[in-house]
Amino acid sequence: MVFNHTEIEKKWQEQWNNQQLASCNVSIKKDNFYNLCMYPYPSGDLHMGHIRNYTIGDVITRYKQKNGFNVLSPMGWDSFGLPAENAAIKTGIHPKKFTEERISNMRSQIKRLGSLYDWNKEVAAHDQDYYRWTQYLFIKLFENGLAYKEDAPVNWCTSCKTVLANEQVVEGCCERCDANVQQKNLNQWFFKISEYSEELLQGLDEIGDWPSNVKAMQENWIGKSQGAEFSLNILNTDLNFEVFTTRLDTLYGMTFAVLAPEHPTVNEILKISPNSKEIEKYISKSKSKSEFERMSISKKKTGIDTGLFVSNPINGEKVPLWIADYVLVNYGTGAIMAVPGHDERDYEFAKVYDLDIVQVIIDERKSVNIDKEPYVDKGILINSGEYNNLKSHDEASEEILKQLTGNDIGEKKTTFRLRDWLISRQRYWGCPIPVINCSNCGLVAESLDNLPVLLPEIDDYKNSEDSPLAKSKDFINTNCPKCGIQCTRETDTMDTFVDSSWYFLRFLDSDNTNLPFNKEIINDWLPINQYIGGVEHAILHLLYSRFFVKALRDIGMLDVNEPFHNLFSQGMINFGGSKMSKSKGNVVDPESYFSTHGADALRLYILFMAPPSDGVEWNDGGIEGTKRFLNKIWDNFEKLALLETNEQHESDLDIIRKINQTIFTVTKHLDKFEFNTAVSDLMKLNIELTKFLNSTIKVSKKTKEYITFNICSLLYPFAPHMSSELFYLYTNQNISEFSWPNFDKENLTNPTYELVVQINGKKKHTKIINTGTSQDEVEKICALEFEIETKNYKNIIFVEDKIINFIGQ
RNA sequence: GCGGAUGUGGCGGAACUGGUAGACGCGCUGGAUUUAGGAUCCAGUGAGCUUUGCUCGUGGAGGUUCGACUCCUCUCAUCCGCACCA
């Protein structure tokens, strides 16, 4: 008989809701387990990636619950952001209405999957009860010097008409809309994430289990680089500038120096250079290029000679000073010593402008032709005065550094690639920055009692140069919280990554009306035991959240160092060879499977299809398999119930052992996130159960109960609806109230095994014999069965319960 | 260029600590059942061959070992991330 999955799912979802199975009391002192799936952007429809994420999460929730943990598994919405605003521009629907409709649609879809979420703790970033506290945290950062406003060259998306964080610029284009990104100088808000560069890097060694690629990406992004900084003097002037290098050992090879076009010293140079006109021309030309053009299209390096010279601090040599846009103003000091002999970029530039190339490192074992290419590998120093014959890189750098430090013109220096996080956005649908511009007091934080600074109602969401919030007079005009005079508000809103940098804290105390969260609760529950989400957040969200927790720790709001202990990144589900996307029209809608195959079959298939961290191709036939599997289980339980009962018989022992072995393997696989093999173990077990049921007409009551309880228990995290229904049907009890089954260590081994008989390492025979048979006996069996005489072989290798290998003759 | 992974049947993937490669599922083939289709059940399914059995086979080439998907060296391919970072 086929079971009615729709009915069963509805019934059990209501049942779990009534028994408040997912609700977590965060205050009780018990073994806590914070299991978090990344909260979604409410796009309106659940896609397969969500299904995979939330199925994995739910398997963990249910498994940990059964192991006695007080599990917190909350859900919420990353509900600020551009799509709602763009829709408002197009259709005039208010972003709040638009967003909330989508949330309610997605919430009901999520519920159909049957995952346990504590909906009592639901949060939504756009909700004023949430963003009020985002503003509160902003003010705390501001008061502690971790949020500041500054003129800075920023990435401006010409289509979204807003600035973007560096992290949101992909190959010179806007991550969202793909439009060109220009450099613009604007007064913008930043968070001082760079202050935590070193700690964010170090922390990667302290956290728990994270995918190695995510750690590597963060390391890469932080980009620590150790070297030295020293100052160069422009000859015949009192102008000095600093340069950063990791290759101080090549200092004798400096044949010119380069400033980035945006370098502050360039303004001074314009006043004195014989070449000012050309320099100005060059700078305006290079400014008009987008960052992308500057970096990749113009492979050929360009620059302009200043006509000025600097002196090499190690030997006093006079070298020309150039301005070139292959030097980036925002890395290091925005100025370099150029060593064309031993640096590829400098080499390329020197070739273009025919500048001197001097070789200062040599490796006698390799032939190096400095006229053809630069030499960047290790060797020993030449043409370097008293430093000749020192080893390149570390040794020579250290010696040269000593001299520079001695003369007070240089020092050891560590540089990071990570720059401060630009958080202002000239958009409507985000959290307003709670700051006031006062002509007396300067930038003043809104007083905490006045929070939230509510988003104003406006008629027109289109943004021009200003943020849309500037259109509301009521919003802008206010009084200074300090001195009371009339002044104006900030009109920018925050990057939505600010919202998601602390949502996991709010979940723990979502009803708190006095504070964003209670410190004690956070200390009890963080770090999050298991965080699960897509690898697309490997850098941005995870790095920002780590920064937030460290900053809030230093402010004194909590006492933990890292937000996420273990991180699991699930792989992507593709269809038709590429990523599912609406524009490609290759979206597989999960919702239809709820009705055709049921949530349990979908969950099982998505777990079974591949190791969860692998990307995988959606295969429609596959879900048929898990559906069939569930049907077979259902049928087998019916058959089992119909069996007559008798005293325990020896034939029961095999199935009992098989179940016991499956408890062992499924537990092991669950602990290692190997859900695909866990599901296959359950399928194998069902095959054995089928064989057992086909071969017997009687079974003991005890065996019946053993089979029922354990199969339902093992199935429960994966297919919770059906296992709950089966258990209730045959025992009148609720499986969710029972602990995870234990296995009997003594009953894992089969009484017999298939011996493999090899001759010279090749399999020749097999025979089923008793487990634990000794080598002597096995040799006798081989002699008897296969006419193998021990004395004919030089060597015999015997591995108990596995193989015997006869070697040589 | 740098960093991280991944390569096993027609497909998704298994394989414990080095011990029968291909579990489990999809697909396919044959059979049973059915008026038919679907569903279900049973059997088969890495390749080749001179088919009681033999040979080859885990991207490729070597190596260690009685024995290698597994360990070592080199190499090729694919995917992802970063990339003029001084």
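Residue numbers start from 1 in every chain, and the chains themselves are labelled A, B, ... in the order their sequence lines are given, proteins ahead of strands. None of these values were measured; they are calculated from a predicted model.
- Rounded to an integer number of Å, the gap from A:Asp614 CG to B:U8 C1' is 14 Å.
- B:U17 sits 38 Å from B:C49 when the P atoms are compared, rounded to a whole Å.
- Using N1 to N3 plus N6-O4 or O6-N4 for Watson-Crick, or N1-O2 and O6-N3 for G-U wobble, each under 3.5 Å, B:C69 pairs with nothing.
- Base pairing analysis places B:G25 opposite B:C11; the two distances defining the Watson-Crick or G-U wobble pair are each below 3.5 Å.
- The gap from the C1' atom of B:U75 to that of B:U65 amounts to 23 Å, rounded to the nearest Å.
- On a pure distance criterion of 3.5 Å, a polar donor-acceptor pair joins the side chain of A:Lys301 and the base of B:C84.
- At B:U40, none of the side-chain N or O atoms of A:Asn631 fall inside 4.0 Å of OP1 or OP2 (strictly under the cut-off).
- Look at the P atom in both B:C26 and B:A43: the space between them is 15 Å, to the nearest Å.
- Judged by closest nucleotide on RNA chain B, A:Ile803 is the one of A:Ile687 and A:Ile803 placed further toward the 5' end.
- For the atom pair CG of A:Leu232 and CG of A:Leu259, the computed distance is 9.0 Å after rounding to the nearest 0.5 Å.
- When the C1' atom is compared between B:U50 and B:A68, the two are found 31 Å apart, to the nearest whole Å.
- Separation of the P atoms belonging to B:G81 and B:G30 is 45 Å when rounded to the nearest angstrom.
- Which of B:G12, B:C41, B:A86 sits closest to the side chain of A:Phe608 comes down to B:G12.
- Pair check for B:C84 finds none; no Watson-Crick or G-U wobble contact set falls under 3.5 Å.
- Taking every side-chain heavy atom of A:Asn220 into account, B:G81 is the closest of B:G81, B:C54, B:A14.
- A:Asn694 places its CG atom 7 Å from the P atom of B:C42, with the value rounded to the nearest Å.
- For A:Met609, the side-chain atoms get nearest to B:G12 when compared with the rest of B:A15, B:G12, B:G4.
- The neighbour count for A:Lys378 NZ, taken as heavy atoms of other residues, nucleotides or ligands under 6.0 Å away, does not exceed 12.
- Taking the six-membered ring where the residue is Trp, the centroids of A:Phe349 and A:Tyr347 are separated by 6.0 Å or more.
- When the P atom of B:C26 is taken as reference, atom CG of A:Leu604 falls 13 Å away, rounded to whole Å.
- Between A:Asn619 and A:Ala335, the residue anchored closer to the 5' end of RNA chain B is A:Asn619, taking for each the nucleotide with the nearest heavy atom.
- Using a 4.0 Å heavy-atom cutoff across all strands shown, A:Gly621 reaches sugar-phosphate atoms only and no base atom.
- Taking atom C1' on both B:U34 and B:G22, the two are 35 Å apart, rounded to the nearest angstrom.
- Separating the NZ atom of A:Lys684 from the P atom of B:G25 is a distance of 9 Å, rounded to the nearest angstrom.
- Looking at heavy-atom distances under 4.0 Å, A:Pro211 makes no contact with the nucleic acid at all.
- Across the protein-nucleic acid pair, A:Asn760 atom CG and B:U65 atom C1' stand 14 Å apart, rounded to whole Å.
- Comparing the C1' positions of B:G4 and B:A15 gives a spacing of 25 Å, expressed to the nearest Å.
- In this structure, A:Lys639 places its NZ atom where more than 12 heavy-atom neighbours from other residues, nucleotides or ligands lie under 6.0 Å away.
- The phosphate of B:G25 (OP1 or OP2) has no side-chain N or O of A:Arg628 nearer than 4.0 angstrom.
- Across every strand in view, B:U35 sits unpaired, with no contact that passes the Watson-Crick or G-U test at under 3.5 angstrom.
- Residue A:Lys763 has its side chain nearest to B:U20 when only B:G4, B:G12, B:U20 are considered.
- For the C1' atoms, the distance linking B:C16 with B:A21 amounts to 14 Å, nearest Å.
- If you check every strand for non-hydrogen atoms under 4.0 Å, A:Glu754 touches a base.
- A:Gln758 comes within contact range of at least one nucleobase, with a heavy-atom separation under 4.0 Å.
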- Query: Given the rule in the salt bridge (Lys or Arg N to Asp or Glu O under 4.0 Å) test, do A:Asp654 and A:Arg657 qualify, once you have shown the distances and angles that lead to the verdict?
  - Reply: CA-CA 5 Å; A:Asp654 286 341; A:Arg657 190 186 325 103; 3.2 Å; yes
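- In this entry the distance linking CE of A:Met683 with P of B:A23 reads 14 Å, nearest Å.
- A salt bridge does not link A:Glu624 with A:Lys627: none of the charged nitrogens is closer than 4.0 Å to a carboxylate oxygen.
- With hydrogens and angles disregarded, a donor-acceptor distance shorter than 3.5 Å links the side chain of A:Asn660 to the backbone of A:Asn747.
- Among the protein residues, A:Lys632 comes within range of the sugar-phosphate backbone only, with heavy atoms under 4.0 Å from sugar or phosphate atoms but none that close to a base.
- Relative to the side chain of A:Phe244, the nucleotides B:A86, B:G12, B:G4 differ in distance, and B:A86 lies closest.
- Residue A:Ile797 places its side chain closer to B:C66 than to any other of B:U20, B:C66, B:G27.
- Under the Watson-Crick and G-U wobble criteria, each requiring two contacts below 3.5 Å, nucleotide B:U64 is left unpaired.
- B:G9: glycosidic angle within 90° of 0, hence syn.
- Listed candidates were B:A86, B:G13, B:A23. Nearest to the side chain of A:Tyr331 is B:A86.
- When ring centroids are compared, A:Trp322 and A:Tyr353 come within the 6.0 Å threshold.
- Distances shorter than 4.0 Å separate none of the side-chain N or O atoms of A:Thr626 from OP1 or OP2 on B:G25.
- With hydrogens and angles disregarded, no donor-acceptor distance shorter than 3.5 Å links the side chain of A:Asp209 to the backbone of A:Asn566.
- Look at B:A47: its Watson-Crick or wobble partner, with both distances under 3.5 angstrom, is B:U55.
- Residues A:Val679 and A:Leu607 come closest through the heavy atom pair CG2-CB, 4.2 Å.
- Heavy atoms of A:Asp343 sit nowhere under 4.0 angstrom from any nucleic acid atom.
- Residue contacts shown for A:Lys762 are limited to sugar-phosphate atoms, with no base heavy atom under 4.0 Å away.
- For the pair A:Lys802 NZ and B:A15 C1', the computed distance is 12 Å after rounding to whole Å.
- Between A:Met217 atom CE and B:G4 atom P there is a gap of 12 Å when expressed in whole angstrom units.
- Under the Watson-Crick and G-U wobble criteria, each requiring two contacts below 3.5 Å, nucleotide B:U20 is left unpaired.
- Nearest nucleotide to the A:Ser225 side chain, out of B:G27, B:G19, B:A86: B:A86.
- For A:Ile336, counting side-chain heavy atoms from C-beta on, the closest listed nucleotide (B:A86, B:G19, B:U20) is B:A86.
- Nucleotide B:U6 is matched to B:A77 when pairs are restricted to Watson-Crick or G-U wobble geometry with both distances under 3.5 angstrom.
- The side chain of A:Arg417 has B:A83 as its nearest neighbour among B:C16, B:U20, B:A83.
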